[in-house]
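Note on naming: letters A, B, ... go to the chains in the order of the sequence lines (proteins, then strands), and numbering restarts at 1 for each one. This is a predicted model, so every value here is computed, not measured.
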Amino acid sequence: MIKAITGTNDILSEDSYKWRELEKLVNKVMSLYNYKEIRTPIFEETALFSRGIGDATDIVSKEMYSFIDRSGVSLTLKPEMTASVARAFIEHSLDKKQSLSKLYYISPMFRQERPQAGRFRQFHQFGAEAIGSQSPLLDAEMIIIAYDIFAKIGLTNLKVKINSLGVTESREVYKDKLKEYLLPHFNNLSEDSKKRFDTNILRIFDSKDDKDQSIMRDAPLLMDYLDNISLEHFHIVKEVLEKSNVPYEVDPKLVRGLDYYCHTTFEIVSGSVGSQSALCGGGRYDGLIEQLGGKPAPGVGFAAGIERLLLACKNENVFDIKEDPLDVYIILLDSELKNKAFEAMLELRRDGLKADADYLSRSIKAQMREANKYNSRFTLFVGGDEYKNGEYLLKDMSEGNQFLFKTSDMKGLIKKIRE
RNA sequence: GUGGGAGUAGCUCAGUUGGUUAGAGCGUCUGGUUGUGGCCCAGAAGGCCGUGGGUUCAAGCCCCAUCUCUCACCCCA
């Protein structure tokens, strides 16, 4: 039997309705904040991601779905969206069309990781990017958008964590200090952290190893090495969040994995999912556009994982929405009338009512059970004495009342259903 | 890439120290008289017990391999 690829999922109809509603909500909120949708290709040149995200990250070095196409070019299924949006921004000279580009997206992403709770190989993210301004108001806006969407969904077990990485220069100074501090402890670090010492030393703060944690407890903090401009930037972000009623905590150990981040970084984590608790993450990337060959332009953005979000919803018992019930289910009493019944049903549908009927020539009992399964508000009986008298019988399924309508009076029948 | 757990009906799971025709609940389908659902009742369909080897007179159960799912590490949304 052929099965779906490991780490990919079919979204069956019970769930796809929920996905659609979530997407509607995202579209709505993004439009309130005046972000415009951008759709980029599923695959890009591999070089875009190795330059944008950073060669040292695991995402680029071993988790990308890369392949050589027939013309010999290395292509990659997008593992994240920021690099793609940045590429499109440069390619279409969006900076010349307007001073600030506020963009959002909903899109599948691909990473060849080992699947676990809330993590898949094809997964979906929505997110936003604002390119063209250094304003800390935008950093805060990103956090607020994500927070607003999560709140509208009904999630409560959330924590907003923010931190500042400052500018590159002060961060490099700090990295040296950290190296200096860690060197005497090097042999006591976990194997993973020994590797991180060279590749991405800041991420040792994220280690779940107890020994690492105790070593890092006394490590110097980046916050203490930030220059005044970075501190001021961060201060404004915090101030805006407070005034916007977004509860947050500063986590000086929150460092993000992607190379392009600077200044503000943030995550919103949920206590309702497993170990993959970050529902969204993001930050500022003032150097990225230039690094990808564009004219320097500052940017900030975030991405949220849809599968994780829905997992959190399931565990918190929120956003449990069901598809609208059927308005009418047609019950065919005389099989000779099936064309007539189909016509009537079509008329209902074309008038905007959700209607369906039995296509398997089943018994009346079976048809009624089917109507009930779809939670149909009404059933319409076609046939029998009523039809001989030129009438249809309409039954209200919750009350049990029945009403007669002239077959010529579809308007009256429709009006009754709409009441 | 590393480690733990699990694969029996559409779903959730039972299957005793290996021993005849493999079970339940839910779901599905059909009925419970002439044209009416939900509740209830009855019946039916549906399984090469993940796959391939092995041990044995005998394997769903024991052994090996393999695949898949799952959780955690790594990494990250």
Range-with-range stems of RNA chain B (Watson-Crick or G-U pairs under 3.5 Å, three or more in a row):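 If one scans RNA chain B for consecutive Watson-Crick or G-U pairs, the stems found are B:1-7 with B:67-73, B:10-13 with B:23-26, B:28-32 with B:40-44, B:50-54 with B:62-66.
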Counting the atoms with a prime plus P, OP1 and OP2 as sugar-phosphate, which does [X] contact under 4.0 Å by heavy atoms, base, sugar-phosphate, or nothing?
X	value
E386(A)	base
G127(A)	nothing
G384(A)	base
L279(A)	sugar-phosphate
D385(A)	base
A303(A)	sugar-phosphate
E267(A)	nothing

Side chain of F123(A) (C-beta onward), nearest among A77(B), A72(B), G35(B):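 Closest of the options to the side chain of F123(A): A77(B).
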Selection from G31(B), C75(B), C69(B) that lies nearest to any side-chain heavy atom of S363(A):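 Closest nucleotide among those given: G31(B).
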F381(A) aromatic ring stacked with six-membered ring of G35(B), 5.5 Å and 30°: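 Not stacked by the 5.5 Å and 30° rule.
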Can you tell me how far [atom1] in [N] sits from the matching atom in [M], rounded to whole Å?
N	M	atom1	answer
C74(B)	U2(B)	P	16 Å
C29(B)	C39(B)	P	13 Å
U56(B)	C63(B)	P	16 Å
G50(B)	A42(B)	P	32 Å
G52(B)	G7(B)	C1'	15 Å
G47(B)	U28(B)	C1'	16 Å
C73(B)	C26(B)	C1'	37 Å
C75(B)	U70(B)	P	22 Å

Rounded to the nearest Å, what distance is computed from the [atom1] atom of residue [X] to the [atom2] atom of nucleotide [N]?
X	N	atom1	atom2	answer
Q402(A)	G37(B)	CD	P	11 Å
K388(A)	G35(B)	NZ	P	11 Å
M397(A)	G37(B)	CE	P	9 Å
D206(A)	C75(B)	CG	P	8 Å
E129(A)	A77(B)	CD	C1'	13 Å
E63(A)	C75(B)	CD	P	10 Å
L254(A)	A77(B)	CG	C1'	13 Å
L394(A)	G35(B)	CG	P	20 Å

Look at the side-chain N and O atoms of [X] and state whether any lies under 4.0 Å from the OP1 or OP2 oxygen of [N].
X	N	value
R362(A)	C29(B)	yes
K3(A)	U68(B)	no
S275(A)	C73(B)	yes
Q125(A)	A77(B)	no
R114(A)	C71(B)	no

Geometric class of the F302(A)/F266(A) ring pair [parallel <30°, tilted 30-60°, perpendicular >60°]: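 The rings of F266(A) and F302(A) sit tilted, inter-plane angle from 30° to 60°.
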Parallel, tilted or perpendicular, as decided by the 30° and 60° cut-offs, for the rings of H263(A) and H233(A):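 It falls in the parallel class, under 30°.
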Inter-residue atom distance R121(A).CZ - Q112(A).CD, 0.5 Å rounding: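 Answer rounded to 0.5 Å: 4.5 Å.
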Point-to-point distance, once rounded to the nearest 0.5 Å, from CD of Q367(A) to CG of L332(A):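 With rounding to 0.5 Å, CD (Q367(A)) is 6.0 Å from CG (L332(A)).
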Nearest-nucleotide comparison on RNA chain B, the residue closer to the 5′ end among K365(A) and T379(A):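 Whichever sits nearer the 5' end wins; that is K365(A).
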Residue whose nearest RNA chain B nucleotide is more 5′ - L393(A) or A117(A):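 Result of the comparison: L393(A).
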Residues in ring pair (Phe, Tyr, Trp, His ring centres under 6.0 Å) contact with F120(A), at least two apart in sequence or another chain: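 Residues passing ring pair (Phe, Tyr, Trp, His ring centres under 6.0 Å) with F120(A): none at all.
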E129(A) and Y35(A): side chain donor to acceptor below 3.5 Å: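 No.
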Donor-acceptor side-chain pairing of Y104(A) and N27(A) below 3.5 angstrom: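 Yes, because at least one side-chain N or O of Y104(A) sits under 3.5 Å from a partner of the opposite role on N27(A).
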Criterion side-chain hydrogen bond (donor to acceptor under 3.5 Å, both in side chains) on K159(A) and N157(A), from CA distance to verdict: CA-CA 7 Å; K159(A) 208 181 262 183; N157(A) 196 0; over 6 Å; no
Ion pair check, D327(A) and R377(A), cut-off under 4.0 Å: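 Result for this pair is yes, salt bridge flagged.
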Carboxylate-amine/guanidinium contact R20(A) E23(A), below 4.0 Å: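 Looking at E23(A) together with R20(A), the answer is no, because their closest N to O distance does not fall below 4.0 Å.
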Selection: residues 366-378 of chain A, any non-hydrogen atom under 4.0 Å of RNA chain B: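 Result for residues 366-378 of chain A: A366(A), M368(A), R369(A), E370(A), N372(A), K373(A), sorted by number.
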K18(A) atom NZ, neighbour heavy-atom count above 12 within 6.0 Å: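 It does: K18(A) NZ has more than 12 such atoms within range.
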Geometric cation-pi criterion, K416(A) with F405(A): 6.0 Å, 45°: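 No, K416(A) does not sit over the ring of F405(A).
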Main-chain N/O of P220(A) paired with Y174(A) side-chain donor or acceptor, under 3.5 Å: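 Yes, Y174(A) side chain to P220(A) backbone: donor-acceptor pair under 3.5 Å.
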N/O donor-acceptor pair, side chain R111(A) with base C76(B), under 3.5 angstrom: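 When only heavy-atom distances are counted, R111(A) does not reach the base of C76(B) through any donor-acceptor pair under 3.5 Å.
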Side-chain-base donor-acceptor pair under 3.5 Å for E113(A) and G1(B):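 When only heavy-atom distances are counted, E113(A) does not reach the base of G1(B) through any donor-acceptor pair under 3.5 Å.
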